[in-house]
Colleague: 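Take a look at this one; I'll ask things after.
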Amino acid sequence: MKAFTYERAKDAAAAVAAVSRPGAKFISGGTNLLDLMKLEIEQPAHLVDISRLPLRTIDELADGGLSIGSQATNSDTAADLRVRTRYPLLTQSLVSGASGQLRNKASIGGNLMQRTRCPYFYYPATGCNKRDPGSGCSAIEGFNRGHAILGASDACIAIHPSDMAVALVALDAQVELLGATGHSRRIAVRDFHRLPGETPHIETVIEPDEMITAVLLPPPPPGRQLYRKVRDRASYEFALVSVAAIVETRHKKITTARIALGGVAPKPWRSVEAEAALEGQSATMPTFRAAAEVAMADAVGRGHNDFKIELAKRTLCRTLADAARTD
């Protein structure tokens, strides 16, 4: 691990001012950053500790939504009664991620900012455009079983690892950001992460002097919410494919639907085309299969991960069928 300096931010304004220094990075729970520092993939010269900032509360919004402070832990957020009853999709996604110990430490803001778990990103002897721009993507011709089938590019086929972010995209959540000049802005979680294109090392739209202060949930959407995660083992494993679905039915017809996918793309993947294919249709398996075909219409396998295309279709069908139940 490279040597670094450290300071504990006293307030949000001091935090964004401190991180404006060259080579500075925020640290909160550290559940991803510390691993990367040990491998010298991340080499910050200065760490700004924001874990003790007063950004841990979950507050009611005037419109009936919730504001979740960026320093709220994954465990506390998942256990909050308002989240469990009004946004069960978020609780389900959080509980399915990592281990209990990590959820107790990891923050909501840090969850959004975590980096890919692509093995080539973690192994400096290989080419990785995320880690070393211009060095190539070893996964394309390598072992790519866990890699992207949607939204990838010739520069990078890594996936985004967050379960929580998939649920937030389906819930139409927003990220609240604070900048060093005191300005604040809001970005839809759907637009927060970037596709790789030719610059896979630039993963979000956040500016270097900005900090996540909260995640904002709109009023709960109508319909049944369900998160399903398919993985190689039952716990402490990242998704091969995950689906966040919200389905409202009336008289056995689908009135509204929201679909987000995880484990298949470099960012949480919202399929508005599949949503459009569902709305107004009968809540039957042929309808779900047709929507799954639409959702995967642009999917591209790279060899080892070809199976993900069919797995995603089947997982989506199963999740939609369960979410559309009216009993």
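Below, all heavy atoms of this structure are taken into account, side chains as well, without hydrogens, waters or symmetry copies.
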Colleague: Could you give the distance from CG (Leu195) to CH2 (Trp269), rounded to the nearest 0.5 Å?
Modeller: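 Atom-to-atom, Leu195:CG and Trp269:CH2 are 5.5 Å apart.
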
Colleague: Go through the steps for Asp191 and Val205 under the test side chain to side chain contact (heavy atoms under 4.5 Å, CB included), then give the verdict.
Modeller: CA-CA 8 Å; Asp191 300 322; Val205 299; 6.0 Å; no

Colleague: Counting N and O atoms only, with roles assigned by atom type, does the side chain of Arg131 sit under 3.5 Å from a partner on the main chain of Tyr120, one being a donor and the other an acceptor?
Modeller: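 At least one qualifying donor-acceptor pair exists.
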
Colleague: Do Phe26 and Leu33 touch side chain to side chain, with heavy atoms closer than 4.5 Å?
Modeller: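 The answer is no; the side chains never approach within 4.5 Å.
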
Colleague: Between Arg270 and Asp172, does the side chain to side chain contact (heavy atoms under 4.5 Å, CB included) criterion hold? Intermediate values first, please.
Modeller: CA-CA 10 Å; Arg270 182 78 175 264; Asp172 282 336; 2.9 Å; yes

Colleague: My understanding is that only one of Cys128, Pro196, Pro266 makes a side chain to side chain contact (heavy atoms under 4.5 Å, CB included) with Cys156; could you say which?
Modeller: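 When side chain to side chain contact (heavy atoms under 4.5 Å, CB included) is applied between Cys156 and each of Cys128, Pro196, Pro266, only Pro196 qualifies.
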
Colleague: Looking only at heavy atoms, which two atoms of Lys267 and Arg190 are closest? And how far apart?
Modeller: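 Minimum heavy-atom contact is NZ-O, 2.8 Å.
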
Colleague: Show the nearest heavy-atom pair for residues Ser96 and Arg231, with the distance to one decimal.
Modeller: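 Heavy-atom minimum between the residues: O-NH1, 2.8 Å.
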
Colleague: Distance alone, cut at 3.5 Å: any donor-acceptor contact between the side chains of Thr319 and Arg228?
Modeller: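 Per modelled atom types, Thr319 and Arg228 side chains form a pair under 3.5 Å.
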
Colleague: Without placing hydrogens or testing angles, list every side-chain donor-acceptor pair under 3.5 Å for residues 108-117, not counting sequence neighbours.
Modeller:
{"unit_1": "Asn111", "atom_1": "OD1", "unit_2": "Gln114", "atom_2": "NE2", "d": "3.1"}
{"unit_1": "Asn111", "atom_1": "OD1", "unit_2": "Ser162", "atom_2": "OG", "d": "2.6"}
{"unit_1": "Asn111", "atom_1": "ND2", "unit_2": "Asn74", "atom_2": "OD1", "d": "3.1"}
{"unit_1": "Gln114", "atom_1": "OE1", "unit_2": "Arg117", "atom_2": "NH1", "d": "2.9"}
{"unit_1": "Gln114", "atom_1": "NE2", "unit_2": "Asn111", "atom_2": "O", "d": "3.0"}
{"unit_1": "Arg115", "atom_1": "NE", "unit_2": "Glu203", "atom_2": "OE1", "d": "3.3"}
{"unit_1": "Arg115", "atom_1": "NE", "unit_2": "Glu203", "atom_2": "OE2", "d": "3.3"}
{"unit_1": "Arg115", "atom_1": "NH1", "unit_2": "Glu42", "atom_2": "OE2", "d": "3.1"}
{"unit_1": "Arg115", "atom_1": "NH2", "unit_2": "Glu203", "atom_2": "OE2", "d": "3.1"}
{"unit_1": "Thr116", "atom_1": "OG1", "unit_2": "Cys118", "atom_2": "N", "d": "3.2"}
{"unit_1": "Thr116", "atom_1": "OG1", "unit_2": "Ile159", "atom_2": "O", "d": "2.9"}
{"unit_1": "Arg117", "atom_1": "NH1", "unit_2": "Arg115", "atom_2": "O", "d": "2.9"}

Colleague: Give the cluster check for Phe4 versus Val48: same hydrophobic cluster or not, with ILVMFWY residues linked at side-chain heavy-atom distances below 4.5 Å.
Modeller: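 Unlinked, Phe4 and Val48 end up in two clusters.
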
Colleague: Quick one: pull up CG in Leu178 and CG in Asp209 and give me the separation to the nearest 0.5 Å.
Modeller: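 So the gap between those two atoms works out to 9.0 Å.
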
Colleague: What closest approach, in Å, do Pro220 and Gly64 show between heavy atoms, and which atom pair accounts for it?
Modeller: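 For Pro220 and Gly64, the tightest heavy-atom pair comes out as CD-O, 3.9 Å.
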
Colleague: Can you tell whether the side chains of Asp163 and Lys229 come within less than 4.0 Å, N to carboxylate O?
Modeller: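 Here Asp163 pairs with Lys229 in a salt bridge, since their nearest N and O are under 4.0 Å apart.
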
Colleague: Enter the distance from Leu81:CG to Arg86:CZ here, rounded to the nearest 0.5 Å.
Modeller: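 If I round to the nearest 0.5 Å, the distance is 9.0 Å.
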
Colleague: Is it true that a side-chain atom of Thr5 and a backbone atom of Ala45 form a donor plus acceptor pair closer than 3.5 Å?
Modeller: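 Indeed, once roles are kept as given, a pair shorter than 3.5 Å links the two residues.
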
Colleague: Would the distance check show the side chain of Arg302 and the main-chain N or O of Asn305 forming a donor-acceptor pair, the cut-off being under 3.5 Å?
Modeller: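 Not at all, since once roles are kept as given, no pair shorter than 3.5 Å links the two residues.
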
Colleague: Distance alone, cut at 3.5 Å: any donor-acceptor contact between the side chains of Ser184 and Glu176?
Modeller: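 Their side chains do not contain a donor-acceptor pair, so the 3.5 Å distance test is not met.
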
Colleague: Linking I/L/V/M/F/W/Y whenever their side-chain heavy atoms sit closer than 4.5 Å, directly or via other members, would Val243 and Leu171 fall into one cluster?
Modeller: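 Result: no, two separate clusters.
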
Colleague: Considering non-hydrogen atoms only, spot the tightest contact between Ala18 and Glu7 and give its length.
Modeller: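 Heavy atoms only, the tightest pair is CB-OE2, 3.5 Å.
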
Colleague: Are the side chains of Arg185 and Glu207 in contact, using a 4.5 Å heavy-atom criterion?
Modeller: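 A side-chain contact under 4.5 Å exists here.
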
Colleague: Any sub-3.5 Å donor-acceptor pair from Lys308's side-chain atoms to Val241's backbone N or O?
Modeller: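 Judged by distance alone, no pair lies under 3.5 Å.
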
Colleague: Please check if the side chain of Gln92 supplies one atom and the backbone of Tyr227 the other of a donor-acceptor pair under 3.5 Å.
Modeller: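 Judged by distance alone, yes, a pair lies under 3.5 Å.
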
Colleague: Look only at the side chain of Asn104 and the backbone of Gly100, and say whether a donor-acceptor pair between them is shorter than 3.5 Å.
Modeller: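 Yes, because the side chain of Asn104 sits within donor-acceptor range (under 3.5 Å) of the backbone of Gly100.
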
Colleague: Looking at Gln225, is its backbone amide N or carbonyl O close enough to the side chain of Tyr87 to form a donor-acceptor pair, meaning the two atoms are under 3.5 Å apart?
Modeller: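 Here the side-chain-to-backbone pair does not exist.
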
Colleague: Please check if the side chain of Asp132 supplies one atom and the backbone of Asn129 the other of a donor-acceptor pair under 3.5 Å.
Modeller: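 A pair under 3.5 Å: no.
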
Colleague: Closest approach of Cys137 and Ala155, non-hydrogen atoms and distance?
Modeller: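 Scanning both residues completely, I find the closest heavy atoms to be CB-O, 3.5 Å.
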
Colleague: Go through Arg145 and Asp232 one step at a time and tell me if the side chain to side chain contact (heavy atoms under 4.5 Å, CB included) criterion holds.
Modeller: CA-CA 11 Å; Arg145 181 174 180 271; Asp232 283 328; 2.8 Å; yes

Colleague: Is there a path of hydrophobic side-chain contacts, each under 4.5 Å between heavy atoms, that joins Leu89 and Ile58?
Modeller: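 Linked, Leu89 and Ile58 end up in one cluster.
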
Colleague: Hey, are the side chains of Arg82 and Glu60 touching, using non-hydrogen atoms and a 4.5 Å cut-off?
Modeller: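 Answer yes - side chains close enough.
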
Colleague: Indicate if Phe143 and Ile140 have the same hydrophobic cluster label, given that clusters are the connected sets of ILVMFWY residues with side-chain heavy-atom separations under 4.5 angstrom.
Modeller: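 No, Phe143 does not connect to Ile140 through the hydrophobic network.
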
Colleague: Under 3.5 Å, side chain of Asp59 to main-chain N/O of Ser67, donor-acceptor pair present?
Modeller: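 No.
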
Colleague: If you measure from CG on Leu55 to OG on Ser107, what distance do you get to the nearest 0.5 Å?
Modeller: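 Between atom CG of Leu55 and atom OG of Ser107 there are 10.0 Å.
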
Colleague: With Ile259 as reference, evaluate Ile246, Val247, Leu320 under the side chain to side chain contact (heavy atoms under 4.5 Å, CB included) test and give the passing residue.
Modeller: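 Per the side chain to side chain contact (heavy atoms under 4.5 Å, CB included) rule, the option paired with Ile259 is Leu320, out of Ile246, Val247, Leu320.
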
Colleague: Same cluster or not: Ile157 versus Val264, using hydrophobic residues (I, L, V, M, F, W, Y) connected whenever any side-chain heavy atoms lie under 4.5 Å apart?
Modeller: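 In one cluster with Ile157: Val264, no.
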
Colleague: Quick one: pull up CD1 in Ile206 and CG in Leu177 and give me the separation to the nearest 0.5 Å.
Modeller: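 Reported value, rounded in 0.5 Å steps: 5.0 Å.
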
Colleague: In Å, rounded to the nearest 0.5 Å, how long is the span from CD1 of Ile309 to CG of Leu150?
Modeller: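 Between Ile309 CD1 and Leu150 CG, I get 8.0 Å after rounding to 0.5 Å.
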
Colleague: Show every donor-acceptor pair shorter than 3.5 Å between a side-chain atom in residues 289-300 and any protein atom, with sequence neighbours excluded, or say none if there are none.
Modeller:
{"unit_1": "Glu293", "atom_1": "OE1", "unit_2": "Lys313", "atom_2": "NZ", "d": "3.1"}
{"unit_1": "Glu293", "atom_1": "OE2", "unit_2": "Lys313", "atom_2": "NZ", "d": "3.3"}

Colleague: Do Thr199 and Arg194 get their side chains close enough for a donor-acceptor pair, meaning under 3.5 Å?
Modeller: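 There is such a pair between these side chains.
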
Colleague: So which heavy atom on Ile254 is nearest to which on Thr287, and how close?
Modeller: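 Smallest interatomic distance, heavy atoms only, reads CD1-CG2, 4.3 Å.
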
Colleague: Is any side-chain heavy atom of Leu53 less than 4.5 Å from a side-chain heavy atom of Met211?
Modeller: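 With C-beta onward as the side chain, the pair touches.
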
Colleague: Between the main-chain N or O of Glu40 and the side-chain N or O of Gln43, is there a donor-acceptor pair closer than 3.5 Å?
Modeller: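 The answer is yes, because a donor-acceptor pair under 3.5 Å joins these two groups.
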
Colleague: Take Leu90 and Ile68 through the test side chain to side chain contact (heavy atoms under 4.5 Å, CB included) and record every step on the way to the result.
Modeller: CA-CA 12 Å; Leu90 180 54; Ile68 303 174; 3.9 Å; yes

